[in-house]
Amino acid sequence: MHFFVFHSKTIYIQIVAKKQPFICEPNIWVDEYSDEFFRFAIYRVKSREVAEDLVQETFLAGLKSLDKFRRDCPEKSWLYNILRNKIIDYFRKKTNQEIKRSSAVVETDDDSFYGQFFKKEGQWNNEATQENWDISADKIMERDEFMQFLILCLSLLPEKWAKVFSMKNIDEFSTKEICKELEITPSNLWTIIHRAKLQLRGCLEKRWHNK
Amino acid sequence: MKKLMYKIMLTCKQATFYSSVKSFKKLKLVHRIQLKLHLSMCKSCHEFDHQNQIIDKSMTDFYKGKHLYSEEILSEEKKSQIRTTVNQHIKG
């Protein structure tokens, strides 16, 4: 028994889930979570009204999909997930036009995608050379602004690409689990990560660093 | 000698690949060394690698919900309004 517990995260989760499933109590949501969610949202969207709406929408979306609550994680994390997606959606809507343009670029074939960054021989394009960003972790204002643009740039990635990062960071999925979920091969996954990083970095360079 | 150099040295495209995926998987020793070698000689890729770390760190912060600097709270008025809406949906 212990052998399995230590060697397989999934089995472990199943055992825990069977013993004590997490419960969901919508009655306490507003009192328990609304302030924290509001802070989380306002820090990112910078607007009181938008943040208020996002919190409310999160609770309503949670109620609507109660049957999808899998009881293998606390309701708070589950609701946080919904809120995070709402924030990304908000930025996506805000920049709807740009997405159309950028996804056209992003979904092109290998050569024209990498051609934006590299020469044929694999060296950097002159236009794509890297500059020092000079950002420090302790300067809060600087990071604050950087985060805004990071979320904006994340929202401009194709959904599947952004999902890779949320699965890795939120669910702490292994790469094997990510591949299974998205139905891709490991080498597909590495390519997605490589492209996403190039794209994110380029987007941040353009919008945040050179603005 | 030149041929050997080409075999050992990564191109910038390859170097950015290893730099990008290394937070997802442990690289083979030979790739780690190749990457280190390339980064020590190529300024652009060195910057890319550094920026990559900033992006990774900030992304984790975003997804994990850290950096809640704001002291803001919801107004009681708005809160009770949300409460009413949510309660309506629970009943309905």
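In what follows, chains are A, B, ... by sequence order, proteins preceding strands, each numbered from 1.
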Considering residues at least two apart in sequence or located in another chain, which fulfil the disulfide (SG to SG under 2.5 Å) criterion with A/C153? A/C203

Structural part of A/I88 lying under 4.5 Å from a heavy atom of chain B: side chain

Around atom NE2 of B/H31, are there more than 12 heavy atoms of other residues, nucleotides or ligands at under 6.0 Å? yes

So which part of A/I193 gets closer than 4.5 Å to some heavy atom of chain B, the side chain, the backbone, both or neither? both

Under 4.5 Å, counting heavy-atom pairs only, tell me which of A/K119, A/K64, A/Q56, A/R48 racks up the most with chain B. A/Q56

B/K25, NZ: over 12 other non-hydrogen atoms inside 6.0 angstrom: yes

Among B/S20, B/S23, B/S19, which residue has the highest count of heavy-atom pairs closer than 4.5 Å to chain A? B/S20

Got a second to check how far A/W124's CH2 is from B/K43's NZ, nearest 0.5 Å? 13.0 Å

Once you round to the nearest 0.5 Å, how far does OG of A/S34 lie from NZ of B/K78? 11.5 Å

Would you compute the distance between atom CE of B/M59 and atom CZ of A/F165 and round it to the nearest 0.5 angstrom? 4.5 Å

Side chain, backbone, both or neither: which part of A/L83 has an atom under 4.5 Å from a heavy atom of chain B? neither

Nearest-0.5 Å distance that lies between atom CD in A/E25 and atom CD1 in B/I90: 10.5 Å

Out of A/H194, A/K168, A/K197, A/E121, which one racks up the most heavy-atom pairs below 4.5 Å with chain B? A/H194

Would you sort out whether B/F48 and A/L198 count as a side chain to side chain contact (heavy atoms under 4.5 Å, CB included), showing the intermediate values? CA-CA 9 Å; B/F48 178 88; A/L198 284 168; 3.8 Å; yes

Where on B/S80 is there a heavy atom nearer than 4.5 Å to chain A: the side chain, the backbone, both, or neither? neither

Residue from A/L204, A/V55, A/D31 scoring the most non-hydrogen pairs under 4.5 Å with chain B is A/D31

Contacts of type salt bridge (Lys or Arg N to Asp or Glu O under 4.0 Å), residue B/K22, not counting sequence neighbours: B/D49

For B/I82 versus A/E52, what's the shortest heavy-atom pair and its separation? CD1-O, 4.1 Å

From A/R201 atom CZ to B/I54 atom CD1, the distance as rounded to the nearest 0.5 Å: 11.0 Å

Chain B heavy atoms under 4.5 Å from A/N81: which part of the residue, side chain, backbone, both or neither? neither

Sort A/T175 into side chain, backbone, both or neither according to what part of it lies under 4.5 angstrom from a heavy atom of chain B. side chain

Distance col, row A/F37:CZ vs B/L74:CG, nearest 0.5 angstrom, shows 11.5 Å

Could you please spell out the steps behind the side chain to side chain contact (heavy atoms under 4.5 Å, CB included) verdict for A/V164 and B/F24? CA-CA 10 Å; A/V164 168; B/F24 277 77; 3.8 Å; yes

With the threshold set at 4.0 Å, does a side-chain nitrogen-carboxylate oxygen contact exist between B/K79 and A/D35? yes

Shortest non-hydrogen separation from B/F17 to A/T191 and the atoms involved: CE1-N, 4.3 Å

B/K13 to A/Y114, cation-pi by 6.0 Å centre distance and 45° axis angle: yes

Given A/L154, A/N169, A/L200, the one with more heavy-atom pairs under 4.5 angstrom with chain B than any other is A/N169

Of all heavy-atom pairs linking A/F146 and B/S58, the shortest is CE2-OG, 3.3 Å

